[in-house]
Amino acid sequence: METTTPRPTLGGLISTFVSPLPPPLLLLFLSSALRSLSLKMVTPQSLFTLFGVYGDVQRVKILYNKKDSALIQLSDGNQAQLAMSHLNGQKVFGKVMRVTLSKHQTVALPREGLDDQLLTKDFSGSPLHRFKKPGSKNFQNIFPPSATLHLSNIRDGVGEDDLRLLFSNSGGTVKAFKFFQDRKMALIQMSSVEEGIQALMDLHNYDMGGNHHLKVSFSKSTI
């Protein structure tokens, strides 16, 4: 049985019908001050990468008339709840993210021939979904955003200096670095959680050449 529950919105409190199972759709609100930057910095791809840490993102839509807001559709309501619990209140591009469950169930794709300035993207067939395989180790490695990142799938011959330079170029400061014994994995520590989030958005699946794409995750470890 559905119940009517007060739900906070940007304009105050309204009553909406809340289903017993959480919807798979999230509403992301940044800051109106970000509107002029959003098309350059906040893209469906960057939101897919960030929210994909906590679930398999199916579709992303940056709102045409409100580009400080986006709808992000995950595979199910549990993934949406997980993403909301970890990302609500975090900072990106200097602005605080506000993430809530949306009353909608799906992101509608634009009609054929309609130009929405590439604000909507369907990721349902993406090979980059972290949780597509049942029993994947990724299910056991879900952590809150952190300044320390776990790197894997590092190509042979890539050294510490190469990786420090790569992550410095994402706009942050590398505070510490540590290779694992096999040198295919490493930990890298940025100067803040916000820098860690930015580096993950920029560099997860970065093409290192030789059919190696860098995998970046948040880590619970410290260096």
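Side chains included, hydrogens not; waters and symmetry mates left out as well; all remaining heavy atoms used.
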Asker: Could you check Val60 against Gln73 for side chain to side chain contact (heavy atoms under 4.5 Å, CB included), going step by step and ending with a plain yes or no?
Answerer: CA-CA 6 Å; Val60 176; Gln73 180 183 336; over 6 Å; no
Asker: Would you check, one step at a time, whether the test salt bridge (Lys or Arg N to Asp or Glu O under 4.0 Å) holds for Asp156 with Lys184?
Answerer: CA-CA 7 Å; Asp156 289 343; Lys184 297 184 186 301; 3.3 Å; yes
Asker: Closer than 3.5 angstrom, by distance alone: can the side chain of Ser75 be matched with the main-chain N or O of Asp56 as a donor-acceptor pair?
Answerer: yes
Asker: Do Phe131 and Ile142 come close enough that some side-chain heavy atom pair is under 4.5 Å?
Answerer: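 They are in contact (side-chain heavy atoms under 4.5 Å apart), so the answer is yes.
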Asker: For residues 209-220, dump all side-chain donor-acceptor pairs below 3.5 Å to protein atoms at least two apart in sequence or in another chain.
Answerer:
from   : atom 1 : to     : atom 2 : distance (Å)
His212 : ND1    : Gly210 : O      : 2.9
Lys215 : NZ     : Asn205 : OD1    : 3.2
Ser217 : OG     : Arg130 : NH1    : 2.9
Ser219 : OG     : Ser221 : N      : 3.0

Asker: Can we call the ring centroids of Phe48 and His204 under 6.0 Å apart?
Answerer: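 No, the ring centres sit 6.0 Å or more apart.
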Asker: Assess whether atom CZ of Phe143 is packed by more than 12 heavy atoms of other residues, nucleotides or ligands within 6.0 Å.
Answerer: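 Correct, the count exceeds 12.
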Asker: Cluster question for you: counting only ILVMFWY and a side-chain heavy-atom cut-off of under 4.5 Å, with indirect links fine, are Leu187 and Leu166 together?
Answerer: no
Asker: Main chain of Met97, side chain of Gln90: is a donor-acceptor contact present, judged purely on distance under 3.5 Å?
Answerer: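 No: the side chain of Gln90 does not pair with the backbone of Met97.
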Asker: Kindly work out whether a path of hydrophobic side-chain contacts (I/L/V/M/F/W/Y, heavy atoms less than 4.5 Å apart) joins Val53 to Met185.
Answerer: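 They do not share one cluster, since no chain of ILVMFWY contacts under 4.5 Å joins Val53 to Met185.
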Asker: Can you tell me which residue among Asp202, Asp162, Leu149 is in a side-chain contact (heavy atoms from CB on, under 4.5 Å) with Phe167?
Answerer: Leu149
Asker: Taking atom NZ of Lys132 as the centre, does the number of heavy atoms from other residues, nucleotides or ligands within less than 6.0 Å exceed 12?
Answerer: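 Count over threshold, so yes.
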Asker: Do Gln198 side-chain atoms and Ser170 backbone N/O form a donor-acceptor pair below 3.5 Å?
Answerer: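 No; judged by distance alone, with no hydrogens or angles, the pair does not exist.
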Asker: Transitive ILVMFWY cluster of Leu165 at side-chain heavy atoms under 4.5 Å: who else is in it?
Answerer: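 Grouped by the 4.5 Å side-chain rule, Leu165 forms a cluster of one, so the answer is none.
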Asker: Should Gln45 and Phe123 count as side-chain neighbours, where that means a heavy-atom distance under 4.5 Å?
Answerer: yes
Asker: Quick check: does any side chain N or O of Ser46 sit under 3.5 Å from a backbone N or O of Val42, one acting as donor and the other as acceptor?
Answerer: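 No, because the side chain of Ser46 does not come within donor-acceptor range (under 3.5 Å) of the backbone of Val42.
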Asker: Mind checking whether Pro44 and Ile62 have side chains closer than 4.5 Å, heavy atoms only?
Answerer: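 Heavy-atom side-chain distance check passes, below 4.5 Å.
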Asker: Dump the intermediate steps for side chain to side chain contact (heavy atoms under 4.5 Å, CB included) on Gln58 and His129, then the final yes or no.
Answerer: CA-CA 9 Å; Gln58 302 300 305; His129 286 153; 3.7 Å; yes
Asker: Is it true that Leu87 and Leu82 fall in one hydrophobic cluster, defined by side-chain heavy atoms closer than 4.5 Å?
Answerer: yes
